[in-house]
*Asks:* 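This is the structure I have questions about; it appears just below.
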Amino acid sequence: MTSEVIHKVVKNLVREKEYTPMFVKRTPALKAIRDSFDDYFTDEQLELIIARSPQSHKEKGFDYGWDSRFDTWYKMIKEFGFIKYSMNEPIQITSTGHMLVDAYLEEPRNEKKIQAVFLNALMKYQTNNPLRRIVNDNAPLPLLLRVIKYFHDDDEENNSGLYRCELPILICWQDNDALAAYRYIKNIRKLKGFNYSDEFIYERCLEILNSTNRNYLKLEKICHEAVDEYIRKMRMSGLLSLRGNGRFLDINGFEKDLADYVVRNYSMYPKFITEETYINYMGTIDGEIVQLEDKSQPDFTDVRKRTLYRYAREMSKESVKKELLTVCARRESTDPTLRYINAPTRLEFLTSIALVQNFQGLDVNPNYSVDDEGLPTFTASGGYADIECYDSDCDSYFEVTLMCGRSDQVNNEIIPISRHLREAKAKRREESFSVLVAPVIHPDTVEAADWQKYKYNVDILTFNINEFIVKIGTAHKVFQLLEDKVF
């Protein structure tokens, strides 16, 4: 790990448009490239962007500027035990880091293994670890699960888990005493019911933190930003469900055995003095988790479809259209539930809703994983279409992606779609076609789809998100999408 290596990483992140310095946003020509799906910065432009974007930042062990900015980007995956790095030391990927990379690269992608790796990290993670050193000293996921279990065992409560407005209390909690945290939240429920103002919760949090620093510990940060991040991270474990339109966080009934295992084995945890020993602990996989994940294969078809069709009834078509455009623009949703579903999974969910709403007599079967509320947790596993649809006229298979690059769409989408479609036509029904939906369709993707028609006689329709919204808004039956296709 050297400044030269960090410089290469920074250039790559800016090139791939994962990070946009303010200089780019203020320079019209560069901003136009940043906003384009087809244009990319030249090497000379990247060097100019970095030179004109000095970072006012300092992290321990890193030089002021871009070196420290790098550490802020990657410190979390270091804390999760996926990687080891220090200046002028070898960069090492740990066992769990390799497992995560391998799971993403498997064909098809191994969603269960990905979830197991994140669960392994979250169940071991400690707030006061050698990389961070803060006052709060607990293991957040086991603490959360234990507090929820105390409420489940409380006959006066309704088994709904923790109210979203109560989560700042747990985020600020100073130790690992779950019983005390439960009693504290129970008392404020008795005092206020569920009618908490942000100001009320904020004052309780400042008391818990024994702090009067309102400039650093702002209300918005504690009651909103920290809660959103907390829910997203905890749900990465697969152990938490959202209930009551996103108002309550509860244990996912489909993963009860895993939740019980985490509580039994990780409520008490070893403490570490050095970064090396902590990352070694975090970077090893608990084999029992992987085995429990493999055994945990509930049939959630019914709850998945019930929730899908409920959302199709309750959301307006205009709201679904707006959310589709939001996720494809990589903007954050303001919906109280959708905002906690990661973008690729949310795109599958919203597309499924749109198909139910717009096509008469269409049996829509998405393949994303769900919690016990039927809300999506992970994208569809490889080997299956994202969404399988059946009606009296034909079978149709929908694939959705946020990837817009040529190689991503052609190699990762069109070629597998063609293979799966040929298999489906042979096994199920000759009258079948596939649809690829993305924010933007690369011209080579259209050509690749046409080539599959010429070579294998399979129909693969390609729509950018705006075309897709228009098409489903004007057709009444799904086969009309194919009728409108002109080769």
Side-chain angles (χ1 to χ4, degrees), residues 118-129 134-196 198 200-210 222-224 226-244 246-269 271 289 340 371-373 377:
F118 278 110
L119 172 57
N120 185 83
L122 287 163
M123 71 188 187
K124 292 181 175 183
Y125 180 75
Q126 304 165 18
T127 52
N128 184 26
N129 62 66
I134 61 175
V135 175
N136 299 54
D137 192 353
N138 55 55
L141 179 59
L143 177 64
L144 170 65
L145 296 174
R146 289 158 63 205
V147 171
I148 291 175
K149 282 178 172 288
Y150 278 122
F151 277 105
H152 283 185
D153 294 338
D154 188 334
D155 292 337
E156 295 180 352
E157 302 296 333
N158 61 2
N159 259 0
S160 58
L162 284 175
Y163 188 36
R164 186 190 185 283
C165 294
E166 296 166 345
L167 294 178
I169 302 295
L170 212 54
I171 294 169
C172 296
W173 200 251
Q174 297 283 278
D175 56 34
N176 206 41
D177 191 340
L179 180 59
Y182 151 75
R183 287 172 173 166
Y184 188 97
I185 296 171
K186 173 78 173 178
N187 285 336
I188 65 173
R189 279 191 185 182
K190 287 183 176 179
L191 181 66
K192 291 285 188 177
F194 289 108
N195 299 314
Y196 310 132
D198 286 345
F200 174 81
I201 293 296
Y202 179 58
E203 295 300 329
R204 305 289 83 70
C205 289
L206 291 178
E207 289 176 4
I208 291 169
L209 295 170
N210 192 27
I222 288 180
C223 293
H224 298 282
V227 172
D228 287 349
E229 182 181 1
Y230 179 84
I231 293 174
R232 291 189 186 103
K233 281 194 172 72
M234 294 300 105
R235 275 179 53 81
M236 287 166 63
S237 71
L239 302 187
L240 282 306
S241 291
L242 292 171
R243 309 203 193 284
R247 292 176 298 166
F248 289 87
L249 191 63
D250 197 7
I251 295 174
N252 178 3
F254 288 154
E255 303 290 0
K256 184 178 181 301
D257 290 345
L258 272 169
D260 290 342
Y261 178 83
V262 171
V263 168
R264 285 196 310 271
N265 292 278
Y266 290 94
S267 293
M268 304 299 293
Y269 51 89
K271 297 295 293 179
I289 287 294
Y340 298 121
D371 59 23
D372 60 359
E373 289 283 316
T377 56

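Owing to the predicted nature of the structure, the values given are computational and were not obtained by experimental measurement. The figures here come from the full heavy-atom set of this structure, side chains too, leaving out hydrogens, waters and symmetry mates.
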*Asks:* Does this structure show an ion pair linking R243 with D371, if we count only N-O contacts that are shorter than 4.0 Å?
*Replies:*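 Salt bridge absent between R243 and D371.
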
*Asks:* Tell me whether the NZ or CZ atom of R146 lies within the 45° cone about the ring axis of Y150 and under 6.0 Å from its centre.
*Replies:*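 Because its charged atom misses either the 6.0 Å distance or the 45° angle limit, R146 does not stack over Y150.
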
*Asks:* Heavy atoms only: give me the nearest C205-I169 pair and the separation to one decimal.
*Replies:*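 Closest heavy-atom pair between C205 and I169: SG-N, 4.0 Å.
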
*Asks:* Compare all side-chain heavy atoms of L122 with those of L239 and state whether any distance is below 4.5 angstrom.
*Replies:*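 With C-beta onward as the side chain, the pair stays apart.
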
*Asks:* With sequence neighbours left out, what residues match D154 under salt bridge (charged side-chain N to carboxylate O under 4.0 Å, His left out)?
*Replies:*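 For D154 the salt bridge (charged side-chain N to carboxylate O under 4.0 Å, His left out) partners, ignoring immediate neighbours, are K186.
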
*Asks:* Can you tell whether the side chains of K256 and D260 come within less than 4.0 Å, N to carboxylate O?
*Replies:*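 Yes, this pair counts.
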
*Asks:* Within 45 degrees of the ring normal and closer than 6.0 Å to the centroid, is that where the cationic atom of R189 sits relative to F151?
*Replies:*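 Cation-pi check for R189 and F151: passes.
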
*Asks:* How would you list, by chain and number, every residue that makes a salt bridge (charged side-chain N to carboxylate O under 4.0 Å, His left out) with D228, sequence neighbours excluded?
*Replies:*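 Salt bridge (charged side-chain N to carboxylate O under 4.0 Å, His left out) check on D228 returns R164, R339.
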
*Asks:* Nearest heavy-atom pair of N138 and N176: which atoms, and what distance?
*Replies:*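 In terms of heavy atoms, the two residues are closest at CB-OD1, 3.5 Å.
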
*Asks:* State, with a plain yes or no, whether a side-chain heavy atom of L191 is found less than 4.5 Å away from one of F200.
*Replies:*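 Heavy-atom side-chain distance check passes, below 4.5 Å.
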
*Asks:* Return yes if some donor-acceptor pair links the side-chain N/O of N136 with the main-chain N/O of I171 below 3.5 Å, else return no.
*Replies:*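 Flag set: sc N136 to bb I171 pair under 3.5 Å.
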
*Asks:* How close do C223 and I201 get, heavy atom to heavy atom, and via which atoms?
*Replies:*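 Closest approach of C223 to I201: SG-CG2, 4.3 Å.
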
*Asks:* Is the shortest heavy-atom distance from the side chain of N210 to the side chain of V135 under 4.5 Å?
*Replies:*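 When only atoms from C-beta onward are counted, V135 and N210 do not touch, as no gap falls below 4.5 Å.
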
*Asks:* Rounded to the nearest 0.5 Å, how far does OH of Y184 lie from CG of D177?
*Replies:*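 Output value for this atom pair is 14.0 Å.
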
*Asks:* For a 4.5 angstrom cut-off between non-hydrogen side-chain atoms, does N252 reach L258?
*Replies:*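 Of all side-chain heavy-atom pairs linking L258 with N252, none is under 4.5 Å.
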
*Asks:* Report the relative orientation of the aromatic rings in Y163 and Y196; use parallel for angles under 30°, tilted for 30 to 60°, perpendicular for over 60°.
*Replies:*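 Answer is tilted, since the angle falls between 30° and 60°.
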
*Asks:* Counting heavy atoms not belonging to R232, are there more than 12 under 6.0 Å from its CZ?
*Replies:*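 Check passes, neighbour count above 12.
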
